[in-house]
Undergrad: 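Take a look at the following structure, please.
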Number of protein chains: 2
Amino acid sequence: MLSLKQLRYLDAIARHGHFGKAATHCAVSQPALSMQIQELEQELGVQLIERRRQGAQLTAAGREVARRAQRILNEVRDIGDFARQSAAPLTAPVRLGVIPTVAPYVLPALLPLVRADYPLLVLQVRETHTQQLLAELIDGTLDLLLLALPVEHPEIETQSLIEDRFLLAMPPGRKLRGRVRATPELFEHDRLLLLEEGHCLREQALAVCNLRQIEGVDTFGASSLSTIVQMVANGMGMTLLPEISIGLEARGGRVGIGRFADPEPARTLGLAWRATSPRKEDFAALGGLIAAAVRKCQKPAADIVADQRARERRT
Amino acid sequence: MLSLKQLRYLDAIARHGHFGKAATHCAVSQPALSMQIQELEQELGVQLIERRRQGAQLTAAGREVARRAQRILNEVRDIGDFARQSAAPLTAPVRLGVIPTVAPYVLPALLPLVRADYPLLVLQVRETHTQQLLAELIDGTLDLLLLALPVEHPEIETQSLIEDRFLLAMPPGRKLRGRVRATPELFEHDRLLLLEEGHCLREQALAVCNLRQIEGVDTFGASSLSTIVQMVANGMGMTLLPEISIGLEARGGRVGIGRFADPEPARTLGLAWRATSPRKEDFAALGGLIAAAVRKCQKPAADIVADQRARERRT
DNA sequence: AAACGGCGATAAGAAATTCTGATCGATCGA
DNA sequence: TCGATCGATCAGAATTTCTTATCGCCGTTT
């Protein structure tokens, strides 16, 4: 009779491509793992693994079985998560994925809130691009994502939390006559500096400015917003900053900040989880905290803009 | 560590509501099952079952865990099915669900074809209404459905096979001037006789005749087409028959058959299976045979219509 | 060419798990 | 109160699974 152990071992082999390493990872001896795999192959009547000199290679059937096994193992883990949640909400670790244009700003505000409200909760945070996050969410490596919506995927459910406006960051001292209008002309003198490919903020900024063409856009591709802000501060161009980043990135008047004309462009920040996840209540509770943290991050933006306008009026 | 055995036992209890019966069903002793369940409850840290005088009752958490367990067990079975398919196509038994307005006509034609082409294949056929079939498909009791499309469900995939036209069945001797037009007036003298609620053919027939109201429609509700044909033969009204049924139901001139004006109304017969099913290739192969069987069933219809027209011209 | 090293299979005995059969205790109905 | 039913408990048996030791294969190294 098929057992979970066999599926666990197969999954380990699929991941490591090596009987010995897989066995170590499963905390059993290599023969134990080998025998279970043989048993599995015999029960299924199909060869799953090609034993080669340089390790183990899955056959076509093996890959398909491993894919299904992984799915099953995820669902088994979900049962455990569900039980833990219903026994004691928000105590099991949450593996949270966050996009790079959110993480450095929101996490410092979020973690104290979490510690205060759910002292037992452990947040394991991973920061990478949307596409990578989604892949890891689906394969069960992550439990929850904090990113920019919308996200369309049949196996994923989302909940939007809060809007995060875009502001224009200019070299310091640049004058503004009221709100900025987002047009390509804006970037005739100053190049638009953007993050490297893969960041959703890059695409959003291009959309906001009605730029399809990469003209006047620096494809140099920085990998963090603070790098870009450095460049802006040195007069190398302009960029769009999300409101949550202003407090950190525009402090001390390093760059000038301008608001866009209504309707102000914005991104929607929200959560995403596997549709089958048993911890939706946990996630909803966390969502409340995250929204609060985001609001905290956005607060300095208003001050900075007001402050700057006051200074301009004085000159 | 969670095991499949525990999930199997829990599933059995969920089905039988009784430790002893569940144990019998799993072919183990009652203590063995009890102990595994206790183990499971301890691992999950949640009580899953209320032990009551009159048997076992799942707690709320128990129901949720059982639901997930059932899903997992289905997917495990799918792995076995997949392996068997890739080892030898179309040899593992197929549990096929068929709607009542198809089964008695198509199966007699289908089974010989199956025996000829796939002598090792065992078809386990179940006949009931669409809704019931869909429920059993999803919970894994059935593998494949033969029914009238469309079927909309996120977990189900379908493939249409063939069109099956509707014909008008009248008391014998009734004259027709060419093709019939499907209007409510058609049923001013003769009532429209239909199957009982739940048959998709009932809804389709009402739609074909542009009848929303149940006026002039006999809600008496027969449970089989041949009953209705009996009634039609005795002058109690008219009905719509699918083309595949004509050979059996209208043989010997028991009832008059009329074709509808173009565009002739028809239903689409097709297959449905779980989107996760590993046996799609099997099903596609079976689909070919089923389409052939349906075509065979439809053949007599043309002859009977032609024959009848010839007789009318003679009188 | 011979020795080596990495890899998975095999073998035998030990350890752990799981099962059975007998029995118990509780509860409900007669 | 008795009897019946149901699930829990217990002790020993049966089965499964694991570990350690070792083998055989085949590239690589010396």
Side-chain angles (χ1 to χ4, degrees), chain A residues 1-63 65-66 69 72-73 76 80, chain B residues 1-63 65-66 69 72-73 76 80:
Chain A
M1 183 127 303
L2 228 60
S3 78
L4 274 189
K5 192 160 14 181
Q6 293 166 343
L7 301 187
R8 290 201 180 96
Y9 291 173
L10 177 64
D11 182 57
I13 289 190
R15 288 182 197 282
H16 296 99
H18 189 289
F19 278 67
K21 287 175 193 161
T24 307
H25 213 259
C26 296
V28 293
S29 65
Q30 170 261 315
L33 187 136
S34 281
M35 290 191 314
Q36 288 295 330
I37 294 291
Q38 283 176 51
E39 184 105 352
L40 181 61
E41 286 183 318
Q42 189 172 356
E43 281 192 49
L44 295 181
V46 180
Q47 186 179 350
L48 301 175
I49 297 174
E50 260 184 80
R51 280 78 163 169
R52 322 188 68 199
R53 203 91 334 269
Q54 59 274 39
Q57 171 107 16
L58 294 189
T59 64
R63 274 192 300 277
V65 173
I72 288 170
L73 294 173
V76 169
Chain B
M1 182 126 304
L2 228 58
S3 77
L4 273 189
K5 193 162 11 183
Q6 293 165 342
L7 300 187
R8 290 202 180 95
Y9 291 173
L10 177 64
D11 183 57
I13 289 190
R15 288 181 196 281
H16 297 99
H18 189 289
F19 278 67
K21 286 177 195 162
T24 307
H25 212 259
C26 296
V28 294
S29 65
Q30 171 260 317
L33 187 136
S34 281
M35 291 191 320
Q36 287 295 329
I37 294 291
Q38 283 177 53
E39 184 105 351
L40 181 62
E41 286 183 318
Q42 189 173 353
E43 282 193 48
L44 295 182
V46 180
Q47 186 179 349
L48 301 174
I49 296 175
E50 261 183 79
R51 281 79 164 168
R52 320 188 68 202
R53 186 75 207 78
Q54 59 275 40
Q57 171 109 17
L58 294 189
T59 63
R63 274 192 301 278
V65 173
I72 289 170
L73 293 173
V76 169

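What you see below is based on every heavy atom in this structure, not just the backbone, and it leaves out hydrogens, waters and symmetry mates. Every chain is numbered from 1, with letters handed out A, B, ... down the list of sequences.
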Undergrad: CG of A:L33 to CD1 of A:I37: how many Å apart, nearest 0.5 Å?
TA: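 Rounded to the nearest 0.5 Å, the CG-CD1 separation comes to 5.0 Å.
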
Undergrad: Given C:dC19, D:dT19, D:dT17, which nucleotide is nearest the side-chain atoms of A:K5?
TA: D:dT17

Undergrad: In terms of the nearest nucleotide of DNA chain D, which residue is placed more toward the 5' end: A:Q36 or B:M35?
TA: B:M35

Undergrad: Closer than 3.5 angstrom, by distance alone: can the side chain of A:E39 be matched with the main-chain N or O of A:Q6 as a donor-acceptor pair?
TA: no

Undergrad: What are the two closest heavy atoms between B:G80 and A:L44, and how far apart are they?
TA: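 Closest heavy-atom pair between B:G80 and A:L44: CA-CD2, 4.0 Å.
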
Undergrad: What integer distance in Å separates A:L33:CG from D:dC18:P?
TA: 9 Å

Undergrad: Tell me the interatomic distance from B:E39, atom CD, to C:dC19, atom P, rounded to whole angstroms.
TA: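 In whole Å, C:dC19 P lies 10 Å from B:E39 CD.
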
Undergrad: Quick check on D:dG7: is either OP1 or OP2 less than 4.0 Å from any side-chain nitrogen or oxygen of B:H18?
TA: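 Indeed, a polar side-chain atom of B:H18 lies that close.
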
Undergrad: Looking at CD of A:Q57 and NE2 of A:H18, how far apart are the two atoms once the value is rounded to the nearest 0.5 Å?
TA: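 Here the interatomic distance stands at 13.5 Å.
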
Undergrad: Is it the case that D:dA8 (base atoms only) and B:Q30 (side chain only) share a donor and an acceptor within less than 3.5 Å, ignoring hydrogens and angles?
TA: yes

Undergrad: Rounded off to whole Å, could you give me the CD1-to-P distance for the B:I13 and D:dC6 pair?
TA: 13 Å

Undergrad: Taking atom P of D:dT16 as reference, at what distance in whole Å does atom CG of B:L4 sit?
TA: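 Nearest whole value for this atom pair: 16 Å.
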
Undergrad: Taking the minimum atom-to-atom distance to the side chain of A:F19, which one of D:dT19, D:dA8, C:dG8 wins?
TA: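 It is C:dG8.
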
Undergrad: Would you indicate which nucleotide in C:dA9, C:dC19, D:dC18 comes nearest to any side-chain atom of A:S29?
TA: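 The answer is D:dC18.
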
Undergrad: Measure CZ/B:R51 against C1'/D:dT5 and give the value in whole Å, please.
TA: 16 Å

Undergrad: When the distance from NE2 of A:H16 to P of C:dG8 is rounded to whole Å, what number comes out?
TA: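 Spelled out: NE2 on A:H16 to P on C:dG8 is 13 Å.
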
Undergrad: Above 12 or not: heavy atoms from other molecules or residues under 6.0 Å from NE2 of B:H16?
TA: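 Count over threshold, so yes.
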
Undergrad: Name the residue closer to the 5' end of DNA chain C, choosing between B:A32 and A:S34 according to the nucleotide with the nearest heavy atom.
TA: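 It is A:S34 whose nearest nucleotide is closer to the 5' end.
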
Undergrad: Within this structure, what is the OH-to-C1' distance between A:Y9 and D:dC18, rounded to whole angstrom?
TA: 8 Å

Undergrad: Take atom CG of B:L58 and atom C1' of D:dG7, then tell me their distance rounded to the nearest Å.
TA: 15 Å

